[in-house]
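Just so it is clear: chains get the letters A, B, ... in the order the sequence lines come, proteins before strands, and each one is counted from 1. Everything numeric here is computed off the predicted structure, so don't read it as measured data. The basis for the numbers below is simple: all heavy atoms, side chains too, and nothing from hydrogens, waters or symmetry mates.
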Amino acid sequence: MSELPKTFDPKAIEERWYAHWESGGLFRPERGDAKPWTIVMPPPNVTGSLHIGHALDITLQDVLTRRERMLGKDALWVVGTDHAGIATQMVVERTIAGQGLKRQELGREKFLDIVWDWKNQSGGTITRQLRRLGASCDWAHERFTMDERYQRAVAYVFVEMHKRGLIYRDKRLVNWDPRFQTAISDLEVETRDVQGKFWTLSYPLADNSGAIQVATTRPETMLADMAVAVHPEDERYRALIGKQLKHPITGRLIPIIADEHADPELGSGAVKITPGHDFNDYEVGKRAGFKPADMLNMFDAEANVVQTQDGLIPQDLLGLSRDDARKAIIPMLESEGALVRVEDRVIPTPFGDRSGAVIEPWLTDQWYADVAKLALPAIQAVTKGDIRIVPESWAKTWFNWLENIQPWCVSRQLWWGHRIPAWYAEDGRVFVAESEEEARKQAGDQPLRQDEDVLDTWFSSALWPFVTLGWPEETEELKRHYPNDVLISGFDILFFWDARMAMQGIEFMGEVPWKTLYLHGLVRDAQGQKMSKSKGNTVDPLGLIDKYGADAMRFTLAAMESQGRDIKLDEKRVEGYRNFATKLWNAARVLQMNGVGASDSIAAPAAELPVNRWIIGEVLETLAKLDRAFDELRYDEMADSIYHFVWGTFCDWYVELIKGAFDEETKAVAAWAFDQILVMLHPLMPFITEELWSAFPRPYELIVANWPEPRAQVDRRAKAEIESLVCVIAEARTMRAELNIPWSATLTPHIIGNASLVDRLGSDAATLARMAKLAAPMLAETAPPNSAQVVVNGTTIAFPLGDAIDLDAEKSRLDKAAAAAEKERDGLAQRLANPNFTERAKPEAVEKARSDHEAKSAEAERLRAALERLG
RNA sequence: GGGCGCGUAGCUCAGUGGUAGAGCACACCCUUCACACGGGUGGGGUCGUAGGUUCAAACCCUACCGCGCCCA
């Protein structure tokens, strides 16, 4: 065993250990008979790179997975990447644009070849980065959402849903992204407030008997106006309902209709209706009897003006963008005298979440999933407790969204993705089938053309928990690992992914995909700002790993992960936990230097010495806290309990107490306790713990070691004894610091009237000398003159200082301590004097108050007496 | 407009109805043979405001103020 270097250098060990674990198959050892435990990783975008949100997500999953593996289970953490339709196609399009190429010029096949090349080249970036975090996932079976088998499963699901009436084709308004030129789902639309204007226009009655004022935030869409709506109860307009208006620009004759959508309070109370370009107007139009196919459309796929069916749009407006059309229309309105007024107004405006383009509601044929039918079982799964949502507060959001769910537009006008398995005959009939052959069988002998579109990426990722296990084949993996045990995801994909997984899982597997859904927050910067590239406040997890090590970063994220809160990441915390790793490292060194080796037992060794019996008990208590934290998924408590045990108990006290007395028993206990630390800390800090584990000769790696089973009990007496020793040392140190007594001066504790304490402390004389610079304690009847005095558990201990004493300082010190004790004593006395308390409070509370009162009274009394003696 | 969450020490956050804790920061002391990425000691909070329930409220209830997020 070579001596450990003085400072822990994460870089030197991380890569080595990761490679060792992976090549040794240790992330998923053969454990066919063991109880299965399963989690699937949210597949990152194949062309993505690691950001701090991944780091959190992955850490939380790895922590659980590593512990379950140590518990002896067949722990499977499924890993893979997502083809990420829009994101990937965008990246590749941008790249080939650099070479002056356009996908339309290349054609579908060539373009897809390029995307696959790109995927094969750059798809490894994110998976390499996951490895740097220490993610112990099942790389041997890495998946991709466009694997051939996965594609078959997706096609099967689509066809099956179509058969079950859960998927249909429909012409209606969709959210059209004019930049990517594809439909997107409601979830991909982000509404932001934009400073805009509110225009009031005047539309003349066709019979020239007057005009009606209408208000709009988008005047350019007037080119496709089909009506003006007023509220049926609005007295001002009642007489006009049914009359025709002459559109000021197109001259189109449009009716005045009654519809409750018109808000009498807003503007003039009359609104223009453009069913082809506004979701509300679409509904109004349908109520007014317009068929979707007849609704006027004035935009092409890029949202430039095109001629409406009736051919009434003036020639010079054709081809203009939405903005330019608006600019051109305003002077036209002015010259017609149709522009009444313009006011500033904040307008909620829809944007594509990826493109940033203003979304245009557009009438198109798309495929829809009737998710309302699937939502009900997903709601019930949570109500019945088949899925436990953590933190629970998210359940309400879950219900609310699922209860109000809208049809999901699943088709995308992209090339990269799962192509929709639908074929069209020339007569317009559509055949949905898993393959062209199958479609041909249905269609008979006629030419077929496959649907050009692909599916929403989330349609395929919704199948992740079972398709990755081999579904639709009934594999052994699937049987063992579905449902998964837990899913961990950010709340930002609760609807996009989690809810859809639940719906699809229940529909196709007949069972929920996971028993627990854990949702974590976002990682923000130290000021609480959302991180974004444009703000330049992103924290690069790889940079943090380079600087502080993966263990420190993981520990930080876990320690800061408290349920229901976002994480404000402060680099100082990472630094602090790097220091913690170094502290642990050095604890190993001191043990090593004193001949402590690897422990040879899983159970706690037999021990006689109080200090050893005490530390065994402390390990047990820490383990209990840790196990509870794991059960409750309280990552902050996991980190907290192990941190305080390692630093505050093991290093600060146990190691200090046993220094200089490394007998065989102590060596055995120290070795055991340190082993327990390594095991308990391993899920959070896998690298350093594995390295230290190996620093002592072992037959197997820590990653596959057993989670602690101490088979021992806390020894109350040993605990009390060590705690009083600790208390004496702490009191003596405080007294030294407050009285400015130099460390060079050895003090002799005079124990007043407590022979058994003298005995006990006598056996710890060496410890007292080392830790508090005290001589052997002696029994005394009263405190010698010029003594500093402390009270420990009701016993006064005096330290004669002779001329060195600063009487005033000592008096004020004692007075302060006495006052504090008296204050507590009096508070308790007051409570005990209240019959309402003694009669109505819980007996334990009363009992505790009594004993606390007694202790505080005694302490105050002793301190006052000590003060008396000083004169 | 509806929903969710947050407001506790200078900062970031824990906190079970029984009289407030941690880390960092700060101050003082210590280069004591594991560790200065360290050791020791200390100061610092009327728990957002106002009511209510209770013997007892940071914790439960109500209202208000401030902040954040989601949905419409």
Taking the six-membered ring for Trp, are A:F696 and A:F674 parallel (under 30°), tilted (30 to 60°) or perpendicular (over 60°)?
-> perpendicular

Regarding A:R345 and the six-membered ring of A:F198, is the cationic atom NZ or CZ under 6.0 Å from the ring centre and inside 45° of its axis?
->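 Because its charged atom sits under 6.0 Å from the ring centre and within 45° of the axis, A:R345 does stack over A:F198.
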
Complementary nucleotide for [N] - Watson-Crick or wobble, under 3.5 Å:
N     : result
B:C64 : B:G48
B:G23 : B:C11
B:A56 : none
B:U32 : none
B:G17 : none

Can you tell me, in whole Å, how much space there is between the [atom1] of [N] and that of [M]?
N     : M     : atom1 : result
B:A34 : B:A22 : C1'   : 25 Å
B:C70 : B:G10 : P     : 31 Å
B:C59 : B:G17 : C1'   : 7 Å
B:G39 : B:U32 : P     : 14 Å
B:G66 : B:G52 : P     : 24 Å
B:U62 : B:U54 : C1'   : 16 Å
B:A50 : B:A58 : C1'   : 16 Å
B:G40 : B:A36 : C1'   : 13 Å

Is it true that A:Y577 and A:Y548 have ring centroids separated by less than 6.0 Å?
-> no

Do A:Y518 and A:Y635 have their ring centres less than 6.0 Å from each other?
->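 Close enough - the centres of the two rings lie under 6.0 Å apart.
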
Within the 4.0 Å heavy-atom criterion, would you say [X] contacts the bases, only the backbone, or no part of the nucleic acid?
X      : result
A:T7   : base
A:K842 : base
A:E824 : nothing
A:R733 : sugar-phosphate
A:N834 : sugar-phosphate

In whole Å, what is the span from the [atom1] atom of [X] to the [atom2] atom of [N]?
X      : N     : atom1 : atom2 : answer
A:I642 : B:G23 : CD1   : P     : 16 Å
A:N404 : B:G2  : CG    : P     : 15 Å
A:E403 : B:G3  : CD    : P     : 14 Å
A:M685 : B:C37 : CE    : C1'   : 12 Å
A:I567 : B:C69 : CD1   : C1'   : 16 Å
A:N586 : B:C37 : CG    : C1'   : 9 Å
A:N175 : B:C71 : CG    : P     : 13 Å
A:L569 : B:U12 : CG    : P     : 13 Å

The side chain of [X] lies closest to which of these nucleotides: [options]?
X      : options             : result
A:W647 : B:G42, B:G38, B:C35 : B:G38
A:N579 : B:C37, B:G23, B:A34 : B:C37
A:S562 : B:C13, B:A25, B:C55 : B:C13
A:H644 : B:G18, B:A14, B:A22 : B:A22
A:K568 : B:U41, B:C13, B:A34 : B:C13
A:S393 : B:G5, B:U19, B:C13  : B:G5
A:D640 : B:U41, B:C4, B:A22  : B:A22
A:K396 : B:A14, B:G3, B:G39  : B:G3

If you compare every side-chain N and O of [X] against the phosphate oxygens of [N] (OP1, OP2), does one of them come in below 4.0 Å?
X      : N     : result
A:T734 : B:G40 : no
A:K659 : B:A34 : yes
A:K583 : B:G39 : yes
A:R565 : B:A14 : yes
A:R634 : B:G15 : yes

Within the distance-only criterion (no hydrogens, no angle test), does the side chain of [X] pair as donor or acceptor with the backbone N or O of [Y] below 3.5 angstrom?
X      : Y      : result
A:S812 : A:A809 : yes
A:W497 : A:D492 : no
A:E859 : A:E854 : no
A:E691 : A:I13  : no

Contact nearer the 5' end of RNA chain B, comparing A:R831 with A:W401 = A:R831

If you find the nucleotide of RNA chain B closest to A:Y643 and the one closest to A:W585, which residue's nucleotide is nearer the 5' end?
->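 It is A:Y643 whose nearest nucleotide is closer to the 5' end.
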
Answer yes or no: side-chain N or O of [X] and base N or O of [N] forming a donor-acceptor pair under 3.5 Å.
X      : N     : answer
A:E656 : B:A34 : yes
A:R573 : B:C24 : no
A:R840 : B:U54 : no

Any Lys/Arg nitrogen of A:K667 or A:D663 sitting under 4.0 Å from an Asp/Glu carboxylate oxygen of the other?
-> no

